[in-house]
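Counting starts at 1 for both ligands and their atoms, following the listed order. For reference, positions follow the sequence shown, starting with 1.
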Amino acid sequence: MKNTVSTLLRQKQEGKKISMLTCYDYSTAKLMEEAEVNTVLVGDSLGNTMLGYPDTIQVTMEDMIHHCAAVSRGVKNTMVVCDMPFMSYQSSVYDAVLNAGRLMKEGHANMVKLEGGKNMCPQIEAIVKASIPVCAHLGLTPQSINAFGGYKVQGKTEKDAQQLIDDAKAVQEAGASMLVLECVPAALAGKITQMLDIPTIGIGAGNQCDGQVLVYQDMLGMFTDYIPKFVKNFANVGEIMKEAFQNYKREIQEGTFPDEAHSYQIADDVIERLYF
Ligand code: KIV
């Protein structure tokens, strides 16, 4: 059965944790579907992990649509959330609705995600009015990295924590169906989760959120440019891939690959009658 906004809300109400992973391509999406992950996020982190950018600022609508459409083709029951890239919604409410619509129509997303609190409520309200579910994102919001001056834990002081609480209430009020909390002290994320009706998904926000998300290359040890404290390595796939690449290279050099089992045959008498 397709995971939807209602499924995730029910999971919160029943105290069943929500699993989310980032995903950017068809084959990985199929594996996540088979693993019965509840929801996949086509995050603008694809700028870092797939495209090699230093941050998410350069990611375009075309990048997001391209990857989201690929992921959508790989899933049936898994809900697809797609990030709105930098400047696709901050510029105006009109741009926000138009671009959210493109992610749904061309990327086949089931929900869009945008970064911001009270300042983005007009955009959230308008997108929701257009019948597009919205996931808000608070705490460390990577698109604001230049304003933050670095990747830092958010909401540690009384003033910042209160701001986070007020923003969380505001996005729920504006119609958001889900909230990602990134790099927020665990106890604060726990209290916000209790306070809200909508599910919270934590990343570096402790285990009291209604669900968790990780960047899949991080949890598989495939992306080592920068490893945040909150990342847990669930398998050393990066090492396994490197070893496989080395073995492949070695077998080519030794002439043991491809062997007969991996080659196509032709009858000897046919080959003998040919002119070379
Ligand atoms: O882009 C992304 O991967 C995200 C997660 C870190 C929540 O927004």
Ligand 1 atoms nearer than 4.0 angstrom to some heavy atom of Asp83 are 1 (O), 2 (C), 8 (O)
Backbone or side chain, does any N or O of Tyr24 fall under 3.5 Å from an N or O of ligand 1?
no
With heavy atoms of Gly43 as the reference, note each atom of ligand 1 found under 4.0 Å away.
1 (O), 2 (C), 3 (O)
May I ask you to check if Lys232 and Phe234 form a cation-pi contact, with NZ or CZ under 6.0 angstrom from the six-membered ring centre and within 45° of the axis?
yes
Salt-bridge criterion met for Lys156 and Asp160 (N-O under 4.0 Å)
no
Salt bridge (charged side-chain N to carboxylate O under 4.0 Å, His left out) between Lys30 and Glu34, worked out
CA-CA 6 Å; Lys30 280 185 78 173; Glu34 279 166 29; 5.6 Å; no
Can you name the atoms of ligand 1, numbered from 1 with element, that are less than 4.0 Å from a heavy atom of Ile203?
6 (C)
Taking 4.0 angstrom as the limit, do Lys242 and Glu239 come out as a salt bridge?
yes
Could you give the distance from OG1 (Thr200) to CE (Met178), rounded to the nearest 0.5 Å?
10.0 Å
Counting only nitrogen or oxygen atoms and a 3.5 angstrom limit, does Thr22 reach ligand 1?
no
Test: Lys113 and Asp83 ion pair at under 4.0 Å:
yes
Only heavy atoms of Leu41, strictly under 4.0 Å: list the atoms of ligand 1 that pass.
2 (C), 4 (C), 5 (C), 7 (C), 8 (O)
So, 4.0 Å and heavy atoms of Lys113: is ligand 1 close enough to count as a contact?
yes
Counting each atom of ligand 1 from 1 as listed, which ones have a heavy atom of Glu182 under 4.0 Å away?
6 (C)
A student comparing Ser45, Cys135, Cys23 should find that the heavy atom closest to atom 2 (C) of ligand 1 comes from Ser45
If the threshold is 4.0 Å, N to carboxylate O, is there a salt bridge linking Arg102 and Glu62?
yes
Under-4.0 Å heavy-atom contact with ligand 1, by part of Thr56 that carries it
neither
Close side-chain approach of Phe257 to Asn247, heavy-atom, < 4.5 Å:
no
Heavy-atom distances under 4.0 Å are what count here, so tell me which part of Ile201 touches ligand 1: side chain, backbone, both or neither.
neither
